[in-house]
2 protein chains.
Amino acid sequence: MSRAAKIEDVASRAGVSVATVSRALRGLPHVSAATREKVLRAAEELDYRPNPHAARLAAGRSGTVGVAVPVLNSWFYANVLAGVEAVLAEEALDMHVIVVDGPDATERFIAGLPALSKRVDGLVLCDLFMPDQLWEDLAGGPVPVATVGVDTGLFDSVTIDNVAAAEAAVGHLLDLGHTRIGLIGAGPDGATDNESAALRRRGTIAALGRRGLDLPADLDVAGSFSVAGGREAMLELIGRGAPTAVFCISDEMAIGAMWAAEEAGLRVPEDLAVVGFDDQPVAEAVGLTTVRQPVSIMAARAAHLVLARLDGDDGPVQRHVMPTLLQKRKSTDFRHLTPVHAHS
Amino acid sequence: MSRAAKIEDVASRAGVSVATVSRALRGLPHVSAATREKVLRAAEELDYRPNPHAARLAAGRSGTVGVAVPVLNSWFYANVLAGVEAVLAEEALDMHVIVVDGPDATERFIAGLPALSKRVDGLVLCDLFMPDQLWEDLAGGPVPVATVGVDTGLFDSVTIDNVAAAEAAVGHLLDLGHTRIGLIGAGPDGATDNESAALRRRGTIAALGRRGLDLPADLDVAGSFSVAGGREAMLELIGRGAPTAVFCISDEMAIGAMWAAEEAGLRVPEDLAVVGFDDQPVAEAVGLTTVRQPVSIMAARAAHLVLARLDGDDGPVQRHVMPTLLQKRKSTDFRHLTPVHAHS
DNA sequence: CTGAAAGCGCTTACAG
DNA sequence: CTGAAAGCGCTTACAG
């Protein structure tokens with residue numbers, strides 16, 4: 001437990017210069033096999049660990065990628081982090097997590113961007129919403145960025161076709177004969193503002209429109225992206241005269257809606273069909289029809305995109321649109337009429 | 001977008017030395033109000049942002065706290081991160097996330113500890129299991145540590161009384177008249193090894209023992225901490241002749257167990273009572289009786305404990321045991337016999 | 001209260 | 001292939 005070895009100690013022990021130690025340890029070329037061997041042995045013997053701050057200062061690189069998410073404790077963003085982390089761990093890069101929840105935090109994030117760009121080499125920004133001007137400023141800056149869930153056209157992005165996915169979901173309900181279809185979304189009226197929410201709402205309206213229907217104001221509610229948010233929105237809907245089907249823009253919300261239905265004595269799917277969004281594991285367990293999206297894969301791809309930029313890739317902006325899949329389950333299945341999950 | 005200002009630029013613009021700029025900007029004493037004012041203005045005008053790597057190298061502090069968790073994409077650990085992050089954000093500290101999943105990753109974590117201690121000022125270790133010798137080595141090291149979910153006696157810790165919590169859960173089932181009670185746990189036979197799992201198993205056995213019952217081998221199964229893990233374990237239990245009640249050591253597992261029961265045509269709670277652990281929001285929605293534990297609060301407290309150590313607190317090791325609460329819901333409620341959540 | 005100077009521990013041209 | 005030296009941008013005694 002003596003004082004930690006520094007590069008100089010390794011150098012003198014190996015009988016070479018610190019420059020050579022630096023090269024040898026990082027696997028750079030122009031080091032003879034014999035010298036490299038000597039250096040590695042010396043480093044090993046001294047249990048040498050380079051000081052990352054010194055290395056970062058000298059090299060001008062931080063070995064770190066930042067990931068910004070609106071919240072940490074949701075299934076979606078937890079999987080985003082997991083996807084990014086897995087990729088970074090492979091490359092021995094650090095992950096710097098930034099929580100940007102709401103307008104104030106966005107202000108702070110923006111104000112801190114110049115400082116941030118000194119401590120990360122790249123950035124994965126997830127569901128972050130800023131004025132166009134700021135995106136352009138960012139694009140003018142030095143750090144490569146990939147966005148997930150939002151496509152600015154300025155950066156590599158990984159998204160899904162939210163409009164199409166919502167159309168499929170609502171189309172499914174229409175195919176089943178529903179005409180009074182509610183939407184539990186998010187946005188200005190709900191809690192978190194969110195581009196995906198807006199697009200899924202658009203898809204809902206498009207699907208209805210194709211059948212000559214509209215989305216009446218009393219069936220168009222918004223809540224927070226949570227079980228409680230979905231429950232409250234559904235109770236609101238029920239208070240206004242329940243629809244026969246509801247499309248919720250997240251699984252948590254859908255599960256909250258199912259809960260509210262139960263409280264109101266409505267059976268799912270007989271009295272109320274429910275569709276969610278995400279397909280988290282719990283969705284399958286409770287028989288929730290939902291739109292599957294490959295969350296951690298999307299995040300991993302975003303991470304790879306910024307790594308490629310760090311490796312010098314200067315090709316055109318890549319805008320990846322990942323596939324989604326409507327998973328049909330019991331929450332919309334009229335043929336299956338025996339009670340399931342009767343945990344009452 | 002000219003080259004970023006450095007401290008020297010601020011110094012010359014303010015007409016003072018860099019030492020004074022450094023002091024003024026960090027709010028240190030021994031700077032006259034007038035000088036501080038000048039410096040702040042100059043920094044503002046130049047949009048100066050200190051280079052964190054330089055500051056960390058010079059100061060020997062990293063401004064970062066590391067958090068190690070076994071996985072990222074579970075409700076429990078997502079809330080751990082959220083709890084820690086909230087505390088660190090207040091103090092303007094960075095969070096360094098480390099995923100330590102399984103034995104290999106633990107090896108790597110241990111091997112990387114000397115390097116890690118250079119890049120974090122403190123560490124929150126969550127559900128990490130290492131040989132005693134390594135804990136002692138860690139305790140001899142320079143970085144303050146707080147553990148959550150495990151109590152080594154060597155570091156500040158935040159835990160719950162897992163044994164008592166499990167006893168309460170199983171005691172509840174016993175009070176309801178159940179005698180054939182299964183346990184869905186984790187451990188050597190299941191996937192993730194976990195001290196909490198072992199303690200909850202012990203509590204289960206204690207509760208049964210108090211009534212003169214034991215835990216027969218065929219009712220003692222283990223799975224991974226997931227919906228799928230719970231489902232598989234329950235199917236196994238059903239194959240062996242289902243118990244009338246089951247205690248699952250996580251909510252995800254309990255929801256998986258309910259799913260399996262449904263698949264097998266068993267009603268919850270009439271044919272099978274189910275108790276979970278955690279009380280995540282979905283648990284309430286599906287009417288799951290479960291043990292509530294204050295996850296993000298525990299994590300936040302752990303973060304505060306390491307921050308206090310960083311502030312020089314050298315008092316005795318603090319071992320916090322947080323309260324838990326058995327939330328009784330429909331999944332164990334025999335009186336409530338109308339089907340709920342009949343999303344079939 | 002303020003400044004000159006050393007030092008933090010690396011990396012990187014530049015020579016050789 | 002290897003080394004001497006400058007430099008990365010701060011902080012911190014030490015003087016004054």
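The figures here come from the full heavy-atom set of this structure, side chains too, leaving out hydrogens, waters and symmetry mates. In what follows, chains carry the letters A, B, and so on, assigned in the order in which the sequence lines appear, proteins first and then strands, with residues in each chain numbered from 1. For clarity, every value in this text was computed on a predicted model and none was experimentally measured.
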Under the criterion salt bridge (Lys or Arg N to Asp or Glu O under 4.0 Å), I'd like the reasoning laid out for B/D311 against B/R309: C-alpha separation, chi angles, the key distance, then a yes or no. CA-CA 5 Å; B/D311 279 350; B/R309 296 301 180 184; over 6 Å; no

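- For the residue pair B/H96 and B/R119, no side-chain donor N or O sits within less than 3.5 Å of a side-chain acceptor on the partner.
- Side-chain polar atoms of B/R26 and B/S22 form a donor-acceptor pair below 3.5 angstrom.
- DNA chain C forms stems at C:1-3 with D:14-16, C:5-12 with D:5-12, C:14-16 with D:1-3, each a run of 3 or more consecutive Watson-Crick or G-U wobble pairs whose two key distances fall under 3.5 Å.
- No donor-acceptor contact under 3.5 angstrom links the side chains of B/R23 and B/H30, judged on distance only.
- For the pair B/L116 and B/L123, the minimum side-chain heavy-atom distance is below 4.5 Å.
- Using a 3.5 Å distance cut-off with no hydrogens or angles, the side chains of B/T159 and B/D151 do not pair a donor with an acceptor.
- Listed for the B/D9 side chain is no donor-acceptor partner under 3.5 Å among the backbone atoms of B/A5.
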Per-nucleotide protein contact string for nucleotides 1-11 of chain D (B base, S sugar-phosphate only, - none; heavy atom under 4.0 Å): SBBB--BBBBS

